Amino acid sequence: VSGSGFVVLETQYWNLPDIKLIKFDLKGNIIWQQTYFQNKISYAQSLLELPDGGYLVGGYFINLDNSIANGGSNNDNIFTMKVDANGNLK
């Protein structure tokens, strides 16, 4: 991450999978961490650092309202999200 540390993107599994982004300094200390899409079934797939110091995250989530059990097609939904250099969703 531009010489200032590194970022880890993960899908964490508690009750439902959430997306978590953690920024570390060069010594491995956590600078910040954010969790996104809580209470949805979401999976992180890719991370890109942007020129402004923010990040673009890609992945998919499952829409439970459109599940086969509810008469839907159970399709996954692709998403991209932008966060700033501090991990705030934009």
Side-chain angles (χ1 to χ4, degrees):
V1 178
S2 302
S4 63
F6 57 97
V7 173
V8 173
L9 174 66
E10 70 175 7
T11 299
Q12 66 178 13
Y13 295 89
W14 296 105
N15 292 332
L16 294 172
D18 297 323
I19 294 172
K20 189 169 192 175
L21 195 57
I22 309 167
K23 184 170 184 177
F24 297 88
D25 66 16
L26 291 173
K27 294 182 179 180
N29 300 308
I30 294 174
I31 298 172
W32 54 258
Q33 57 185 323
Q34 297 281 0
T35 303
Y36 312 95
F37 299 116
Q38 291 177 318
N39 301 319
K40 294 183 185 277
I41 299 177
S42 49
Y43 300 91
Q45 296 288 302
S46 59
L47 174 68
L48 175 68
E49 183 179 11
L50 301 172
D52 66 2
Y55 303 92
L56 189 63
V57 177
Y60 69 96
F61 66 92
I62 298 172
N63 184 351
L64 294 178
D65 294 332
N66 194 32
S67 68
I68 293 171
N70 291 330
S73 61
N74 207 35
N75 292 333
D76 296 341
N77 298 285
I78 296 170
F79 73 86
T80 57
M81 67 177 190
K82 182 179 179 184
V83 299
D84 66 16
N86 295 312
N88 300 309
L89 193 58
K90 291 295 180 179

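Here the structure is a predicted model, which means the values were calculated and not measured.
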If I take atom [atom1] from residue [X] and atom [atom2] from residue [Y], how far apart are they, to the nearest 0.5 angstrom?
X     : Y     : atom1 : atom2 : result
Leu89 : Met81 : CG    : CE    : 6.0 Å
Asp84 : Tyr55 : CG    : OH    : 10.0 Å
Leu9  : Ile22 : CG    : CD1   : 9.5 Å
Ile78 : Tyr43 : CD1   : OH    : 15.0 Å

**Asked** side chain to side chain donor-acceptor pair (under 3.5 Å) with Gln34: which residues, sequence neighbours excluded?
**Response**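 By the side chain to side chain donor-acceptor pair (under 3.5 Å) rule, Gln34 matches no residue at all.
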| message | Which residues pass the side chain to side chain contact (heavy atoms under 4.5 Å, CB included) test with Ala85, not counting sequence neighbours? | response |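 Partners of Ala85 under the side chain to side chain contact (heavy atoms under 4.5 Å, CB included) test: none.
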Sorted by chain and residue number, the side chain to side chain contact (heavy atoms under 4.5 Å, CB included) partners of Leu56 (sequence neighbours excluded) come out as Leu48, Leu50, Thr80, Lys82
Next item on the list: Return yes if some donor-acceptor pair links the side-chain N/O of Asp25 with the main-chain N/O of Lys27 below 3.5 Å, else return no.
Entry: yes
Review point. What's the shortest heavy-atom distance between Ile19 and Phe79, and which atoms?
Key: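 Reported closest heavy-atom pair: CD1-CZ, 3.2 Å.
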Note: Phe24 and Ile30 closest approach over all heavy atoms is CE2-CG1, 3.4 Å
Do Tyr36 and Val57 make a side-chain contact, defined as non-hydrogen atoms from C-beta onward lying under 4.5 Å apart? no
